[in-house]
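Just below is one structure, and these are the notes that go with it.
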Amino acid sequence: MTASPPPDVQDAGPRSRRWRRVALWALVAVAVLEVALNVALNTGVTQAIMGRATDRTQLTWQRAWWLWPVGRLHLKGFTLTQQDADVWWKVEVDELNAGMSLTGLLRKRVDVDGIDGHGASFHLEPSGAPEQPSDPNSKPWVIHLKDVTLHEVRELDFSRVRFAGALDVTGTLNLQSRERLYVDLPSVRVAEGFVEVDGKRVARLEAFDSHARLDAPFQKGKGYDLSQALSGQVKTHLDVLPLDWINDQLGASAPVSLRGGAGKVDLDVRMERNTLEPGSQLKASGAALDLRAGPMRARAPWSLEASMPLEQQGQPSGSLRLAFAPVRVSGAGGNDVEVPEVALTVLARRREGQEGLDLEPELRVAKSKPLDLRVLNPWLGRTLEIDSGHVTIRSEEPSKGAKARNALELRMDTDLVSGRMGQNKVLLRAEVEVDARHLSWDMTDLGLSGTTLRLSQVSSNGNVPIRSWSGNFTLPRASLSLSPTVFKARFSSQLTDTQPLVALITSSKKLPGFLTSVLNIPKVEVTGQVQIDERGLQLRELKAKGDGFSLEGHLDLVQGNMTGALLATLGAVTGGIELRPGKHDLHLLKATDWFKGQPVPPFR
């Protein structure tokens, strides 16, 4: 009789074999899934699926491997690209590893945790891509990159401005397509690096430490709203390299050039929603900056200070002071004028109950040493050749309680100037008052609109002498070109009398002498356009009006010789005056018709 084993012993063998088969098949399934996952990661399948679903956001990589579910995702050649109608930007990382949720991809979420990357760069530039409509019913992708650490960030490229060096960044990125972009960078540190503009190095970073936060909601039809998105703090110390690189920005034909000016900058900027916060400050200084503009040259060391202290009642919200001291200006002949200091101070005050700041500028120019005006003869000599005279430059000292607009005036005053217009001796004093609020510069012309010219003690020994005449001229439009040097202006004036006009048109004995007394009219308003260059003075659209008197015409003055045509009316009498070198003729018969037939030469 054969003994049989108990039933539980009979079932033990097949049951163990079944579990082994289950375990084996499970391992095979995991292996197949692992292989399929890594094949999908490396053949572009995953990238293609995400690319079709994320509008203009793309995640790509060159190689990847992932020992799922216990291992971390490893990527090489990783890029994150975003493009809309305004900007295109891309983050590139040579190599990174991170923890990632596979199930999140099934819910259109890229959830990545603990990113550790090495060798990175960032590029941003304007985008001309047309806006593409999105399916309003589609669910947007969410990209959440948490606890990101990037080592050796070697480049931050903002189109024309670029950082190159070694940068370490930690932070978080949360991008929900068509809803919100959120970036939190609690630490950005630079060991060393350079700032470049259009490929030219302009500054060297010696230290850089910052934290920043970008929170930009998406606005339909407008993209991500960056108007109040940026908050954080930046502290840096950098060396400013010589400013010669600016000449490439100006172009080879620019009438100005810069040299030198290397210096240091300490910066602490604090922002909350794109608004500067108390505690922000800037201190900078540099070596002599050499500015050449046409025949003029100015040299001066510079300094810049700006601060926004904690606000106190009645105190400004912030201030900025840019100073050049001392300033040395020289002309083509090498004559120098030294100004001890030129400083522009701007106080900023918050508007009560409104956004923005009210700015209160003040220009201070310490009184210069006298400049010999003969330096102007290469330019002014064919109009007025100066024999002697000096000018000083200063700002108008504001009286106590003066408004800010009165603190932006630049004054140039002369002593008694002696010169010659042709054969005639001329004496005069001049004051020029420049309204700095209207100063402008477009790389070819210096705008001087709003300038006032005051002449006094004007005397001349011509055929009709001038004795102690004075007049004020306002220039609603004026400009000075530096290469070549040309002054153009539209002027208006209220003159005490017409002595200068009389002296001009009666400089020849062939003109009837009765005009000497007839045209000497008090209280005359004069307007016109003037141009002064190296070839002389030109007047166009000249008009004068007084009690029962009017005059219009045009004339050129070159070394005391007059050419042109005038039409003068006194009461019921109208006469035309023809001006030619050495000969002035009077036309009383059909004077108006004669005048209309005289061509008006254009400005040179």
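This chain uses plain numbering: 1 for the first residue, then up along the sequence.
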Checklist entry - About how many Å separate CG of L384 and CG of L537, when rounded to the nearest 0.5 Å? => result 10.0 Å
Item to check | Residues R454, E433; criterion salt bridge (charged side-chain N to carboxylate O under 4.0 Å, His left out); working and verdict | outcome: CA-CA 8 Å; R454 299 183 178 91; E433 186 177 285; 3.5 Å; yes
Next on the checklist: Counting neighbours of CZ on R580 that are heavy atoms of other residues, nucleotides or ligands and sit closer than 6.0 Å, is the number greater than 12?
Outcome noted: yes
Checklist entry - Which residue, L241, N247, V195, D248, forms the side-chain contact (heavy atoms from CB on, under 4.5 Å) with K200? => result D248
Checklist entry - For I246 and L258, which heavy atoms make the closest approach, and how far apart are they? => result CD1-CD1, 3.7 Å
Item to check | From CA spacing to verdict: side chain to side chain contact (heavy atoms under 4.5 Å, CB included), L551, L542 | outcome: CA-CA 8 Å; L551 181 142; L542 179 64; 4.2 Å; yes
Checklist entry - Just how far is it from atom OG of S280 to atom CG of D268, taken to the nearest 0.5 Å? => result 6.5 Å
Checklist entry - Any side-chain donor paired with an acceptor under 3.5 Å for T527 and S492? => result no
Checklist entry - Within the side chain of Q559, is there an N or O that forms a donor-acceptor pair under 3.5 Å with the backbone of M421? => result no
Item to check | Salt-bridge contact R154-E152 (side-chain N to carboxylate O under 4.0 Å) | outcome: no
Next on the checklist: Let's go through V169 and L185 carefully: what are the C-alpha distance in whole Å and the side-chain angles of both, what is the deciding distance for side chain to side chain contact (heavy atoms under 4.5 Å, CB included) to 0.1 Å, and is it a yes or a no?
Outcome noted: CA-CA 7 Å; V169 179; L185 302 176; 3.8 Å; yes
Item to check | Working for salt bridge (charged side-chain N to carboxylate O under 4.0 Å, His left out), residues R382 and E534 | outcome: CA-CA 7 Å; R382 295 175 70 88; E534 295 178 353; over 6 Å; no
Checklist entry - Are V432 and T451 side-chain neighbours, meaning at least one heavy-atom pair lies under 4.5 Å? => result yes
Checklist entry - Do the side chains of Q249 and V197 get nearer than 4.5 Å, heavy atoms only? => result yes
Next on the checklist: Regarding D413 and R429, does a basic nitrogen lie under 4.0 Å from an acidic carboxylate oxygen?
Outcome noted: no
Next on the checklist: For E192, I'd like to know if atom CD has over 12 heavy atoms of other residues, nucleotides or ligands within 6.0 Å.
Outcome noted: no
Checklist entry - Can you find a side-chain donor-acceptor pair between N472 and Q494 that sits under 3.5 Å? => result no
Item to check | Non-hydrogen side-chain atoms of D168 and V153 separated by less than 4.5 Å | outcome: no
Checklist entry - Hey, are the side chains of V269 and L276 touching, using non-hydrogen atoms and a 4.5 Å cut-off? => result yes
Checklist entry - Looking only at heavy atoms, which two atoms of D415 and G389 are closest? And how far apart? => result OD1-CA, 3.5 Å
Checklist entry - Taking atom types as modelled, is there a side-chain donor on R467 or Q457 under 3.5 Å from an acceptor on the other? => result no
Checklist entry - Tell me the salt bridge (Lys or Arg N to Asp or Glu O under 4.0 Å) pairs involving residues 250-267, sequence neighbours left out? => result D239-K264, D244-R259
Item to check | Over all atoms of both residues, closest heavy-atom pair of S460 and N424 | outcome: OG-CB, 4.0 Å
Next on the checklist: I need the E431 CD to L455 CG distance, nearest 0.5 Å.
Outcome noted: 9.5 Å
Item to check | Cationic N near anionic O, under 4.0 Å, D290 to R328 | outcome: no
Item to check | K425 atom NZ, neighbour heavy-atom count above 12 within 6.0 Å | outcome: yes
Next on the checklist: Contact between F491 and V526 at the side-chain level, heavy atoms closer than 4.5 Å - yes or no?
Outcome noted: yes
Next on the checklist: If you take the centroid of each ring, where Trp contributes its six-membered ring, are F122 and F163 closer together than 6.0 Å?
Outcome noted: no
Checklist entry - Which pair of non-hydrogen atoms, one from L359 and one from P361, has the smallest distance, and what is that distance? => result O-CD, 3.5 Å
Next on the checklist: Using 0.5 Å steps for rounding, measure from the CG atom of L320 to the CG atom of L344.
Outcome noted: 7.0 Å
Checklist entry - Which heavy atom of N274 sits nearest a heavy atom of A229, and at what distance? => result OD1-N, 3.3 Å
Checklist entry - Is R189 atom CZ crowded by more than 12 heavy atoms from other residues, nucleotides or ligands, each under 6.0 Å away? => result no
Next on the checklist: Run the side-chain hydrogen bond (donor to acceptor under 3.5 Å, both in side chains) test on Q281 and R270 for me, step by step, so that the C-alpha distance in whole Å, both residues' side-chain angles and the decisive distance to 0.1 Å come before the verdict.
Outcome noted: CA-CA 9 Å; Q281 59 181 345; R270 309 175 188 195; over 6 Å; no
Next on the checklist: Is there a salt bridge (charged side-chain N to carboxylate O under 4.0 Å, His left out) between K543 and E552? Walk through the geometry before answering.
Outcome noted: CA-CA 4 Å; K543 295 182 179 180; E552 60 180 306; 5.6 Å; no
Next on the checklist: Between I393 and V365, is the side chain to side chain contact (heavy atoms under 4.5 Å, CB included) condition met? List the steps.
Outcome noted: CA-CA 7 Å; I393 304 171; V365 180; 4.2 Å; yes
Next on the checklist: If you count heavy atoms of other groups shown closer than 6.0 angstrom to CD of E272, is the number above 12?
Outcome noted: yes
Item to check | Distance, nearest 0.5 Å, that separates CZ of R349 from OG of S319 | outcome: 10.5 Å
Checklist entry - Any side-chain heavy atom of Q529 sitting closer than 4.5 Å to one from K488? => result no
Item to check | Beyond-backbone contact of S418 with S388, side-chain heavy atoms, under 4.5 angstrom | outcome: yes
Checklist entry - When rounded to the nearest 0.5 angstrom, what is the spacing between CD in E196 and CG in L156? => result 11.5 Å
Next on the checklist: What verdict does the side chain to side chain contact (heavy atoms under 4.5 Å, CB included) test give for T236 and L205, after you've listed the backbone C-alpha separation in whole Å, the side-chain angles of each residue and the deciding distance to 0.1 Å?
Outcome noted: CA-CA 7 Å; T236 183; L205 290 174; 3.4 Å; yes
Checklist entry - So is R201 actually on top of F194's ring, under 6.0 Å and inside 45° of the axis? => result yes
Checklist entry - Salt bridge between R490 and E541, side-chain N to carboxylate O under 4.0 Å? => result yes
Checklist entry - Does the pair R160/D198 count as a salt bridge with the N-to-O cut at 4.0 Å? => result yes
Checklist entry - Closest heavy-atom contact between T392 and P370? => result CG2-CA, 3.9 Å
Checklist entry - Is atom CZ of R540 surrounded by more than 12 heavy atoms (other residues, nucleotides or ligands) closer than 6.0 Å? => result yes
Next on the checklist: Treating W302 as the side-chain partner and G261 as the backbone partner, does any N or O pair qualify as donor plus acceptor under 3.5 Å?
Outcome noted: yes
Checklist entry - Can you find a pair of side-chain heavy atoms, one from I532 and one from W379, that are under 4.5 Å apart? => result yes
Item to check | Ion pair check, R321 and E305, cut-off under 4.0 Å | outcome: no
